[in-house]
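This report refers to the structure that appears directly beneath it.
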Protein chains: 2
Amino acid sequence: MILKNNEEIDEVFVEEPGASFVKKKVLIGPEEGSDNIIMRHFSVLPGGNTPYHIHPHEHIVKIEKGRGVVVDYIGHETEVKEGQSLFIPGNEKHQFRNPHQEAFEFLCIILNPNR
Amino acid sequence: MILKNNEEIDEVFVEEPGASFVKKKVLIGPEEGSDNIIMRHFSVLPGGNTPYHIHPHEHIVKIEKGRGVVVDYIGHETEVKEGQSLFIPGNEKHQFRNPHQEAFEFLCIILNPNR
């Protein structure tokens with residue numbers, strides 16, 4: 001088995017078009033031997049947002065810290081907070097935003113697209 | 001998308017042989033439309049443990065609260081705590097124990113065995 005200290009894992013700004021002030025780290029993925037499932041940790045800084053985008057793969061999300069907004073495929077906004085979980089099916093447009101002053105952090109778990 | 005309040009999800013004691021004082025809830029799974037990935041939350045109560053067992057599927061684990069012990073395939077024990085993540089490959093014997101006085105909680109993410 002592989003044990004990781006989350007704080008020691010490199011965190012990088014997401015460079016994808018449409019992402020603003022979003023940091024990402026991979027907690028468990030292919031580097032740890034997990035070829036099927038990838039567990040990522042995202043921090044959306046105050047005023048930041050993920051891309052409002054659509055893709056074939058689904059997201060399993062757990063809000064870990066703070067609160068933010070999730071935008072659904074018709075643009076409807078829902079406030080989300082620590083202690084909530086989300087399932088976003090594949091091919092459903094979505095976005096996360098942080099309009100607040102504190103960090104908004106969540107896990108986003110996906111199937112490895114390269115498996 | 002589906003939004004869940006983790007606190008409102010039914011929690012049940014794990015009845016599997018070898019499990020002792022372990023509670024489980026499924027945060028996201030087939031009921032939420034997630035047919036590929038299942039995100040479960042486990043609480044190992046003080047003095048409790050999961051089975052020391054082996055199975056083909058792998059575990060992606062994130063320690064959410066407290067601290068406990070993970071036992072590997074040769075019986076070696078490692079202390080783990082909040083802020084750490086684990087990858088346990090398929091077919092590798094393992095166990096979680098809580099020898100402490102406080103709750104020990106973690107996420108354990110798996111591929112849906114029925115997909």
Side-chain angles (χ1 to χ4, degrees), chain A residues 1-9 25-41 56-65 69-74 76 78-96 106-112 115, chain B residues 1-9 25-41 56-65 69-74 76 78-96 106-112 115:
Chain A
M1 68 181 63
I2 301 287
L3 176 63
K4 303 280 285 196
N5 291 312
N6 303 341
E7 284 195 354
E8 293 169 8
I9 298 170
K25 59 170 78 178
V26 176
L27 301 184
I28 297 291
E31 279 189 30
E32 289 70 42
S34 181
D35 291 328
N36 292 310
I37 294 174
I38 306 178
M39 176 167 65
R40 301 101 46 93
H41 177 276
H57 60 276
E58 65 255 39
H59 286 321
I60 288 82
V61 173
K62 181 170 182 285
I63 314 296
E64 291 282 273
K65 192 171 180 183
V69 167
V70 60
V71 186
D72 74 5
Y73 67 103
I74 55 169
H76 181 76
T78 302
E79 178 94 7
V80 294
K81 61 184 179 182
E82 186 177 338
Q84 293 183 317
S85 300
L86 283 158
F87 177 64
I88 302 173
N91 297 310
E92 194 175 293
K93 203 171 178 182
H94 59 278
Q95 181 183 48
F96 291 92
F106 56 89
L107 301 177
C108 180
I109 297 142
I110 59 171
L111 286 176
N112 184 349
R115 78 204 173 96
Chain B
M1 67 181 63
I2 301 288
L3 176 63
K4 303 280 285 196
N5 292 313
N6 303 341
E7 284 195 355
E8 293 169 8
I9 298 170
K25 59 171 76 177
V26 176
L27 302 184
I28 298 290
E31 280 189 29
E32 289 71 40
S34 182
D35 291 327
N36 292 310
I37 294 173
I38 305 178
M39 177 167 64
R40 301 101 47 93
H41 177 276
H57 60 276
E58 66 255 39
H59 287 320
I60 288 82
V61 173
K62 181 170 182 285
I63 313 296
E64 291 281 273
K65 193 172 179 182
V69 167
V70 59
V71 186
D72 75 5
Y73 66 104
I74 56 170
H76 180 76
T78 303
E79 178 94 6
V80 294
K81 60 183 180 183
E82 186 177 338
Q84 294 183 317
S85 299
L86 284 159
F87 177 65
I88 302 173
N91 297 310
E92 194 175 293
K93 203 172 179 182
H94 59 278
Q95 180 183 47
F96 292 92
F106 56 88
L107 301 177
C108 181
I109 297 142
I110 59 170
L111 286 176
N112 184 350
R115 80 205 172 95

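Proteins get letters first, then strands, A, B, ... in listed order; numbering begins at 1 in each. If you're wondering where the values come from, they're calculated on a predicted model, not measured in any experiment.
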Query raised in the report: Is it the side chain or the backbone of B/Leu86 that comes within 4.5 Å of chain A heavy atoms, both, or neither?
Result: both

Query raised in the report: Side chain, backbone, both or neither: which part of A/Glu32 has an atom under 4.5 Å from a heavy atom of chain B?
Result: both

Report summary line: The reported gap from CZ in B/Phe96 to NE2 in B/His59 (rounded to nearest 0.5 angstrom) is 7.0 Å

Report summary line: Per-residue tally against chain A (heavy atom, under 4.5 Å) across B/Ile63, B/Leu27, B/Ile9 peaks at B/Leu27

Report task. Please determine, among B/His94, B/Glu8, B/Glu92, B/Lys81, the option with the most heavy-atom pairs under 4.5 Å with chain A. Result -> B/Glu92

Query raised in the report: Do you know which of B/Gly33, B/Gly90, B/Gly29 has the most heavy-atom pairs under 4.5 Å to chain A?
Result: B/Gly33

**Report entry** Under 4.5 Å from any heavy atom of chain A - which part of B/Ile110
**Finding:** backbone

Requested in this report: Any chance you could measure B/Ile38, atom CD1, to B/Cys108, atom SG, to the nearest 0.5 Å?
Outcome: 10.5 Å

Report task. Please round to the nearest 0.5 Å and tell me the distance separating atom CZ of A/Arg115 and atom CG of A/Asn36. Result -> 5.0 Å

**Report entry** Pairwise side-chain contact, A/Thr78 with A/Asp72, heavy-atom cut-off 4.5 Å (strictly under)
**Finding:** no

Query raised in the report: Out of curiosity, B/Tyr73 OH to A/Met1 CE, how far, rounded to the nearest 0.5 Å?
Result: 9.5 Å

Report task. Check each atom of A/Ile28 against the heavy atoms of chain B and say whether the ones under 4.5 Å are side chain, backbone, both or neither. Result -> side chain

**Report entry** Minimum side-chain heavy-atom gap A/Val26-A/Glu31 below 4.5 Å
**Finding:** no

Requested in this report: Identify which part of B/Glu64 has an atom lying under 4.5 Å from any heavy atom of chain A, answering side chain, backbone, both or neither.
Outcome: side chain

Requested in this report: Kindly compute the distance separating NE2 (A/His41) from CG (A/Asn6), expressed to the nearest 0.5 Å.
Outcome: 7.5 Å

Query raised in the report: B/Val61 versus chain A, heavy atoms under 4.5 Å apart: side chain, backbone, both or neither?
Result: backbone

**Report entry** Most contacts with chain B, counted as non-hydrogen pairs under 4.5 angstrom, among A/Ile88, A/Leu107, A/Ile37, A/Asn5
**Finding:** A/Ile37

